[in-house]
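No experiment lies behind these values; they were computed from the predicted model shown.
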Amino acid sequence: MAFWKPGTEKPSFVEDEEGGIVLMSNNLSSSSSSSFGYANIEKQRQRLPVYKYRTEILYLVENHATTIIVGETGSGKTTQIPQYLKEAGWAEGGRVIACTQPRRLAVQSVSKRVADEMGVNLGDEVGYTIRFEDHTTSGVTSVKFLTDGVLIREMMEDPLLTKYSVIMVDEAHERSISTDILLGLLKKIQRRRPELRLIISSATIEAKAMFNFFNTSKKRQAPEGSTQGPKLEPAILSVEGRGFSVKIHYVEEPVSDYIRSVVSTILLINEREPPGDVLVFLTGQDDIETAIKLLAEEAHSHQKNSSGLLPLPLYSGLSRAEQELIFTPTPRGKRKVILSTNIAETSLTLEARLLGVVYVIDSGFSKQKFYNPISDIESLVVAPISKASARQRSGRAGRVRPGKCYRLYTEDYFLKQMPGEGIPEMQRSNLVSTVIQLKALGIDNILGFDWPSPPSPQAMIRALEVLYSLQILDDDAKLTSPTGFQVAELPLDPMISKMILASSELGCSDEIITIAAVLSIQSVWVIARGVQKEQDEAKLRFAAAEGDHITFLNVYKGFLESKKSSQWCYKNFLNYQSMKKVVEIRDQLKRIARRLGITLKSCEGDIDAVRKAVTAGFFANACRLEPHSNGVFKTVRGSEEVYIHPSSVLFRVNPKWVVYQSIVSTERQYMRNVVTINPSWLTEAAPHFYQNRQNNMSL
DNA sequence: GAGCACTGC
């Protein structure tokens, strides 16, 4: 395969003038204030690129309602700007400076870093809040880091977020659902609180969209010469990052098989390039395992080419121990080849550990979620990435010294066909949770809400329909009382919340809250590669004839009986981290349930009560086995052809009637988490929904 | 007998 270096591609990152290894602001090295003197920390802070813009940033924030900061990785914006604001007096008079992040881990590590730099205890002047963890002190904490989801929750108590003087929304370019909801709500708040300042931190490509979204100056022209309030037109400021130049190489002709191209590019690098680790971006576990297998085959046939290569897979499904492998230093004479999913594109924990990477290979694809409002099914599809993602990926090559990025697509494709930015998650998702959050905040005109990127009306209408069928919204699309308001209190998928409410009447809330906690995490099982048989046997020890939900009750019971032992989890192929999370979520739900007046009551083995409660939440996901078919089910709602997922305890059992929690859509559409039901429960649980479907219901 | 990019309240 031949690569060429185009003259037109500008390096994404400027070379650091000082050379050598630089300390990046989001470097996770746990340097604490005790190991560095104050002067040292001050010097480090001043060396960050953002420091040059300190005065300018403060001026812009003072004079503009919204300031958009475009900052590359390593500019120091996240840790420094909140401190500048504090130093400039924005936290005086009991006011609080907030900085939101999309991920919990980022909140924790950034707040720790800032507390260290300020020489204070985390939880005093500098604090953080994430789900399950509130490390702030009311009246003391003036710089607060939090996930955007937590800030949205705070609006339910304080709709105008009155205690905050400045809110910085970090990583806004990622365009996650909660960031987009937050941006829409903050824009509304600004109208009522002109003194509130917003800082939107974004990558280059999204800055223009953010500017347009927050530019309300045309509609609400402030009087000329008026000194009252900040300018409504947003300011944009660009801050350079701290990376090295990355040379971009494209393929001359489109590749037909990107996995084979990845392998030949790895061999090419190994043959021609000086030492340095390789980071490869692929789409998923399958791709990664295929590539590793092909590399091993190459090692047999062309020993020379592949000598010294150390292939390492990296994806979220790996156990912690397996992920640790990439953290070990590269042995002398070896070259690590990390084959990764998108996890390496955003994960902060990994960032500090990928510093040996000098070469990046970008397949140009990733797995992305898409939502079909007609079938109401979300699926994961391999799709081309955006230019923004491509830049992010190539940037991973230039963290310690100048690097190279090999893009397995043509330059022409990059320039002319690759979309500039990805489709915001909001436009690729089921919206029931989003709608319920807005309703809970008193926003009635959902269809007219001012979004950064509005979702399709079909998706909105589908969400309203589902919520109506669950009797969470009424004929006027208002929250019902008490059901709707109670559902909004629970931080869960509305169907799960509805199931909990139903369990209160059915006398099985103790069991259902356990099920709810399990359903709201990924999976309690570990991914057992090569030991499926053993895992299946372990599963059988918990399996219940009624289905997965009841099986989860057995798993939870066993976990408690083991005294929450990690050893026990290991023996039973259960994910210990997941089980601990189940306990945590269960405790939170218990607290909320008590507040909602739901008394925790066990049904003492009355499994029908549990299945009825599940049906009350998930009746819309009912399926019937096709007679004389080999495990083909049809959804009652849309007559879609679906199958029971092989991971379910009901796989191959194929009972006549089931409800499922969700569908994973791959080659086939598989139902995940399935429980048997009696079809008469459907009309009982949702007469309104099944009224017109009576004909389909006959047994 | 198949598979799961990543978050979050």
Side-chain angles (χ1 to χ4, degrees), chain A residues 100-107 129-134 146-156 171 174-182 281-289 314-318 340-350 363 365-370 378-383 385 389 392 422 425 428-429 433-434 436-437 440-441 487-494 496-497 517 520-523 525-529 532-533 535-536 575 581 584-585 588-589 592 630-631 643-648 651-654 662-672:
Chain A
T100 72
Q101 296 289 326
R103 280 172 291 279
R104 294 160 53 95
L105 192 71
V107 169
T129 310
I130 56 181
R131 187 184 186 183
F132 305 128
E133 284 180 48
D134 182 13
L146 67 175
T147 52
D148 31 27
V150 167
L151 191 58
I152 294 169
R153 282 273 149 184
E154 283 190 5
M155 281 187 215
M156 293 189 186
E171 314 286 357
E174 284 187 21
R175 304 299 305 274
S176 72
I177 289 187
S178 47
T179 304
D180 271 17
I181 296 175
L182 185 61
F281 284 100
L282 287 165
T283 66
Q285 186 180 337
D286 271 358
D287 276 8
I288 291 169
E289 278 166 8
L314 178 63
Y315 47 86
S316 68
L318 287 177
S340 171
T341 61
N342 252 5
I343 193 171
E345 207 179 295
T346 47
S347 174
L348 197 71
T349 33
L350 297 172
S363 67
F365 292 96
S366 71
K367 275 195 186 164
Q368 291 160 38
K369 186 173 69 182
F370 286 94
E378 283 181 343
S379 45
L380 271 178
V381 185
V382 172
I385 61 166
S389 270
Q392 181 81 13
E425 192 186 9
R428 299 182 279 116
S429 305
S433 293
T434 302
I436 200 81
Q437 286 194 62
L441 291 165
V487 164
E489 285 270 317
L490 290 156
L492 299 167
D493 181 299
I496 301 179
S497 303
S520 50
I521 63 159
Q522 296 277 29
S523 169
W525 308 103
V526 292
I527 296 181
R529 284 181 307 156
Q532 284 94 340
K533 215 179 134 218
Q535 177 166 46
D536 285 351
N575 185 327
K581 204 160 178 196
E584 216 170 24
I585 294 174
Q588 187 195 23
L589 297 181
I592 300 173
N630 202 8
Y643 298 80
I644 292 180
H645 196 279
S647 66
S648 168
F651 179 64
R652 280 202 294 225
V653 176
N654 294 328
S662 62
I663 284 191
V664 286
S665 184
T666 52
E667 307 277 301
R668 283 178 170 182
Q669 304 196 113
Y670 288 104
M671 300 181 268
R672 275 191 75 224

Let me know the distance between [atom1] of [X] and [atom2] of [N], rounded to the nearest Å.
{"X": "K369(A)", "N": "dG8(B)", "atom1": "NZ", "atom2": "C1'", "value": "11 Å"}
{"X": "Q535(A)", "N": "dA2(B)", "atom1": "CD", "atom2": "P", "value": "16 Å"}
{"X": "D148(A)", "N": "dT7(B)", "atom1": "CG", "atom2": "P", "value": "14 Å"}
{"X": "H645(A)", "N": "dA2(B)", "atom1": "NE2", "atom2": "P", "value": "10 Å"}
{"X": "R175(A)", "N": "dG8(B)", "atom1": "CZ", "atom2": "P", "value": "19 Å"}
{"X": "M156(A)", "N": "dG8(B)", "atom1": "CE", "atom2": "C1'", "value": "13 Å"}
{"X": "L105(A)", "N": "dC6(B)", "atom1": "CG", "atom2": "P", "value": "14 Å"}
{"X": "D286(A)", "N": "dA5(B)", "atom1": "CG", "atom2": "P", "value": "8 Å"}

Of all the choices, [options], which nucleotide is nearest to the side chain of [X] once you look at every atom?
{"X": "L380(A)", "options": "dG3(B), dA5(B), dC9(B)", "answer": "dA5(B)"}
{"X": "I343(A)", "options": "dC4(B), dG1(B), dC6(B)", "answer": "dC6(B)"}
{"X": "Y670(A)", "options": "dC9(B), dA5(B), dA2(B)", "answer": "dA2(B)"}
{"X": "P646(A)", "options": "dC4(B), dA5(B), dA2(B)", "answer": "dA2(B)"}
{"X": "D536(A)", "options": "dG1(B), dC6(B), dG3(B)", "answer": "dG1(B)"}
{"X": "R103(A)", "options": "dG8(B), dC4(B), dG1(B)", "answer": "dG8(B)"}
{"X": "F651(A)", "options": "dG1(B), dC9(B), dC4(B)", "answer": "dG1(B)"}

Counting the atoms with a prime plus P, OP1 and OP2 as sugar-phosphate, which does [X] contact under 4.0 Å by heavy atoms, base, sugar-phosphate, or nothing?
{"X": "S366(A)", "result": "nothing"}
{"X": "T147(A)", "result": "sugar-phosphate"}
{"X": "Q437(A)", "result": "nothing"}
{"X": "I130(A)", "result": "sugar-phosphate"}

From E425(A), R103(A), Q101(A), residue fulfilling side chain to side chain contact (heavy atoms under 4.5 Å, CB included) relative to E174(A):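 Among E425(A), R103(A), Q101(A), the one meeting side chain to side chain contact (heavy atoms under 4.5 Å, CB included) with E174(A) is R103(A).
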Taking the side chain as every heavy atom from C-beta outward, state whether L492(A) and L589(A) have any pair of such atoms under 4.5 Å apart.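 A side-chain contact under 4.5 Å exists here.
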Is it the case that dC9(B) (base atoms only) and R131(A) (side chain only) share a donor and an acceptor within less than 3.5 Å, ignoring hydrogens and angles? no
If you go through the side-chain atoms of D493(A), does one of them form a donor-acceptor pair with the base of dG8(B) closer than 3.5 Å?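 In this structure, the two groups form no donor-acceptor pair.
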Go through N575(A) and S523(A) one step at a time and tell me if the side-chain contact (heavy atoms from CB on, under 4.5 Å) criterion holds. CA-CA 8 Å; N575(A) 185 327; S523(A) 169; over 6 Å; no
Minimum heavy-atom separation for V150(A) to R131(A), with atom names?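 Looks like CG2-N, 3.9 Å.
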Tell me whether the side-chain N/O atoms of S178(A) come closer than 4.0 Å to OP1 or OP2 in dC9(B).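 So the side-chain polar atoms of S178(A) never come under 4.0 Å of the phosphate oxygens OP1 or OP2 of dC9(B).
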DNA chain B nearest-nucleotide lookup for S665(A) and R104(A): closer to the 5′ end is S665(A)
S363(A): which residues meet the side chain to side chain contact (heavy atoms under 4.5 Å, CB included) condition with it, sequence neighbours left out? Y258(A), L282(A), F365(A), R393(A)
Using 30° and 60° as the class boundaries, would you call the ring planes of Y643(A) and Y670(A) parallel, tilted or perpendicular?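 Answer is tilted, since the angle falls between 30° and 60°.
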